[in-house]
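Read the structure below first, then the notes.
Letters go in sequence order (proteins before strands), and every chain restarts at 1. Here the structure is a predicted model, which means the values were calculated and not measured.
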Amino acid sequence: MMDTGGKKIKIQAPKGTKDVLPDESYKWQALEAALRESAELFGYGEIRFPVFEHTELFLRGIGDTTDVVQKEMYTFEDKGGRSITLRPEGTASVVRALNERGLASQAMPLKCYYIAPNFRYEKPQAGRLRQHHQFGAECFGAEGPGADAELIALAWFFLKRLGLSDGVALNINSIGCPECRPVYHTALRDYFSGKKAEVCGTCLDRLERNPLRILDCKNPDCAAVAAGAPKGIDYLCSECDTHFSSLRAELDAMGIPYELDPMIVRGLDYYTRTVFEFVCDRLGAQKTVCGGGRYDGLVSELGGPPTPALGFGSGLERLLLAREALGLEFDRPEPCELYIAALGPGADGEAAALCLRLRERGLRVERDLCGRGLKAQMKYADKLGAKYVIVLGDDEIARREAYLKRMDTGEASPCGLDAGEIYEAINK
RNA sequence: GUGGGUAUAGCUCAGUUGGUUAGAGCACCAGAUUGUGGCUCUGGGGGCCGACGGUUCAAAUCCGUUUAUCCACCCCA
């Protein structure tokens, strides 16, 4: 709320954005800590990159026929006349950054992760925002199915660590490579061309642009037609087929449960071979909590050396929603350990100094900053969950001694007004 | 971009067939014999009833428009 010439107007957060205030940020911190630890256990190092990029990067990287590029990007011209876009997803930026640094000279495999905001001009709904945050992991230089298995294992690992393994299911598919996919596309086109009357308008459009997407249409009529469509798995070339079955064997060996889902089609054009998603069915319509796959062609598409690669993205907001749906809570932050109630202006300096000395020793200490009376300060200390309280008045300062009161039992014992002594008394 | 629901205090919501100065609970602040929290009691601050326009003697209430929000489609994390 701000006052502009007598009229109060409310300025609210832009559509599709969310604030995280201190009473909730501990959840984000705990979530992020779990994600970072998981990534690092798997040998992934953090990468940081800008929030905006040249628009061209996403046009080439994501594919200019995708919905993300066609209608969801925050694109603008900067003062230098460059076309700039707020990053709608992380993979293109990672590839760009690594190419720029000379990917070919890096030790392979190169594994990195990020936790970063993405921006898409969408119509918000449950689990879908215009600014959302993703945990992403990308692995470069590993062609074999072991990399796919390890990446999926990482996703499985952090989801389990977050307590979501029971609420989440893994679906995998292989959409083939530039060798075998055209064969399948042709088969799909042949199939759907004979059924044009039975599918919806957008699917007719998809038939031209990307017939794979028809398989994913939620329209019941289209789904019925799609059910009889040729299966991509039957058209994989022998290399892709071997890759996919080896991946499944490794997942089986690790005991990671999954379903084969021929309907999985990722909406980003760069995927090849393995695609997968973890879905939480307690989550409403936007229930994919982690999705990714292999993108062997992207690095060279963006000007780098031909490099096999794969990765996933996982939405932090959805992870938090999933935990909430399952009734899981995060530990609250440590409460205040000591509250110093100062009485009268003479005590303020003493209280300020004690607070600083004790904070230097690593203690969470608070004191009155609002000029409140003793009773109000005690109430506030209680609200903070303070474990101890010291009342500092002229008397105590003159005697250099005060009572250290335990808030849970109410008992108080004398304690000298010395940071060291107070610290010892609290930590004994 | 398409469709539906909802807009009253910081939060959760009441508000009778249109009728005086718009309510409760929680939260916040201050008191209940001068320096000690939780329980209880009392009091207080805080809303132009989302915004604009219309009908009416009279609108939080009826009508229209708009904005926001929620949910679904599309797409995605």
Side-chain angles (χ1 to χ4, degrees), chain A residues 1 6-18 21 23 62 65-72 88-91 115-136 155 200-203 205-206 210 213 216-220 222 264-268 277-280 283-292 311-322 339 341-344 347 370-396 402-403 405-412:
Chain A
M1 204 89 107
K7 170 134 183 162
K8 283 184 178 176
I9 59 168
K10 280 182 186 168
I11 296 182
Q12 37 191 200
K15 191 179 187 124
T17 65
K18 287 248 192 297
L21 300 188
D23 61 353
I62 301 174
T65 63
T66 58
D67 276 17
V68 169
V69 167
Q70 281 194 330
K71 46 190 200 193
E72 294 180 354
E89 60 101 47
T91 302
I115 294 175
N118 290 336
F119 306 86
R120 292 179 200 171
Y121 193 83
E122 307 225 39
K123 191 149 172 185
Q125 71 187 72
R128 197 176 69 184
L129 297 164
R130 290 187 171 180
Q131 175 175 349
H132 78 278
H133 298 77
Q134 263 186 46
F135 167 57
C200 69
T202 45
C203 280
D205 189 41
R206 287 172 171 136
N210 189 348
R213 301 250 188 98
D216 212 24
C217 188
K218 304 291 189 295
N219 182 309
C222 302
I264 299 182
V265 179
R266 314 255 75 227
L268 308 176
E277 55 189 29
F278 288 85
V279 297
C280 175
L283 232 43
Q286 312 303 322
K287 56 188 180 185
T288 299
V289 98
C290 176
F312 65 68
S314 180
L316 269 63
E317 285 85 356
R318 289 188 191 172
L319 291 173
L320 290 173
L321 286 173
Y339 183 89
L343 286 180
C370 295
R372 282 191 267 236
L374 179 61
K375 193 158 188 160
Q377 291 193 57
M378 291 302 293
K379 284 191 175 186
Y380 181 63
D382 188 51
K383 244 171 273 179
L384 288 178
K387 292 182 189 131
Y388 292 90
V389 166
I390 283 178
V391 177
L392 261 193
D394 295 341
D395 213 36
E396 286 82 359
Y403 283 95
K405 176 174 178 173
R406 276 190 59 152
M407 291 295 274
D408 54 354
T409 63
E411 63 186 274

Subject >> Touch class at under 4.0 angstrom, heavy-atom based, for A:A381 against every strand present >> reply: nothing

Original post:
What interatomic distance, in whole Å, is found between P of B:G4 and the corresponding atom of B:G44?
Top reply: 46 Å

Subject >> Span that lies between the C1' atom of B:G25 and that of B:A68, in whole angstrom >> reply: 26 Å

**OP:** Indicate, with a heavy-atom threshold strictly under 4.0 Å, whether A:Q286 touches base, sugar-phosphate, or nothing.
**Re:** base

Subject >> Which nucleotides of RNA chain B pair, in dot-bracket form (Watson-Crick or G-U under 3.5 Å, | meaning another strand) >> reply: (((((((..((((.....[...)))).(((((.......))))).....(((((..]....))))))))))))....

**OP:** Select from A:A376 and A:P124 the residue whose nearest nucleotide in RNA chain B is closer to the 5' end of that strand.
**Re:** A:A376

Original post:
Among A:L384, A:I390, A:V391, which one satisfies side-chain contact (heavy atoms from CB on, under 4.5 Å) with A:Y339?
Top reply: A:L384

Original post:
Whole-Å distance between B:A77 P and A:L283 CG?
Top reply: 14 Å

Original post:
How would you label the contact of A:G127 with the nucleic acid (heavy atoms, under 4.0 Å): base, sugar-phosphate, or nothing?
Top reply: base

Subject >> With sequence neighbours excluded, residues passing side chain to side chain contact (heavy atoms under 4.5 Å, CB included) with A:P124 >> reply: A:K15, A:R130

**OP:** With heavy atoms under 4.0 Å as the rule, sort A:V289 into base, sugar-phosphate or nothing.
**Re:** sugar-phosphate

**OP:** Using only side-chain N and O atoms of A:K405, determine if any of them is under 4.0 Å from OP1 or OP2 of B:G37.
**Re:** no

Subject >> Toward the 5' end of RNA chain B, by each residue's nearest nucleotide, A:G393 or A:K287 >> reply: A:G393

Subject >> Spacing of the C1' atoms in B:C41 and B:A60 (rounded, Å) >> reply: 33 Å

Subject >> Rounded C1' spacing from B:A9 to B:G53 in Å >> reply: 27 Å

**OP:** Scan A:Q131 against the nucleic acid and name what it touches under 4.0 Å (heavy atoms): base, sugar-phosphate only, or nothing.
**Re:** nothing

Subject >> Contacts of type side chain to side chain contact (heavy atoms under 4.5 Å, CB included), residue A:Q134, not counting sequence neighbours >> reply: A:Y114, A:N118, A:R120, A:H132

Subject >> B:U16 and B:A22, which share atom name C1', separated by this distance in whole Å >> reply: 14 Å

Original post:
Taking only side-chain nitrogens and oxygens of A:K18, does any of them come within less than 4.0 Å of OP1 or OP2 of B:U69?
Top reply: no

Original post:
Think A:R372 has a side-chain N or O under 4.0 angstrom from the OP1 or OP2 of B:C29?
Top reply: yes

**OP:** Kindly say if A:Q125 contacts the phosphate of B:C71, meaning a side-chain N or O under 4.0 Å from OP1 or OP2.
**Re:** no

**OP:** May I ask you to say what A:L129 touches in the nucleic acid, namely base, sugar-phosphate or nothing, with a heavy-atom cut-off under 4.0 Å?
**Re:** base

Original post:
Is it true that a side-chain atom of A:E72 and a backbone atom of A:D67 form a donor plus acceptor pair closer than 3.5 Å?
Top reply: no

**OP:** Could you tell me whether A:E122 contacts a base, only the sugar-phosphate backbone, or nothing, with contacts defined as non-hydrogen atoms closer than 4.0 Å?
**Re:** base

**OP:** Select base, sugar-phosphate, or nothing to describe what A:K123 touches, counting heavy atoms under 4.0 Å on all strands.
**Re:** base

Subject >> Between C1' of B:U36 and OH of A:Y339, the distance in whole Å >> reply: 12 Å

Original post:
Say you pick atom P in B:C48 and the same atom in B:G31; how far apart are they, in whole Å?
Top reply: 28 Å

**OP:** Name the nucleic acid region contacted by A:N118, choosing base, sugar-phosphate or nothing; use a 4.0 angstrom heavy-atom cut-off, strictly under.
**Re:** nothing

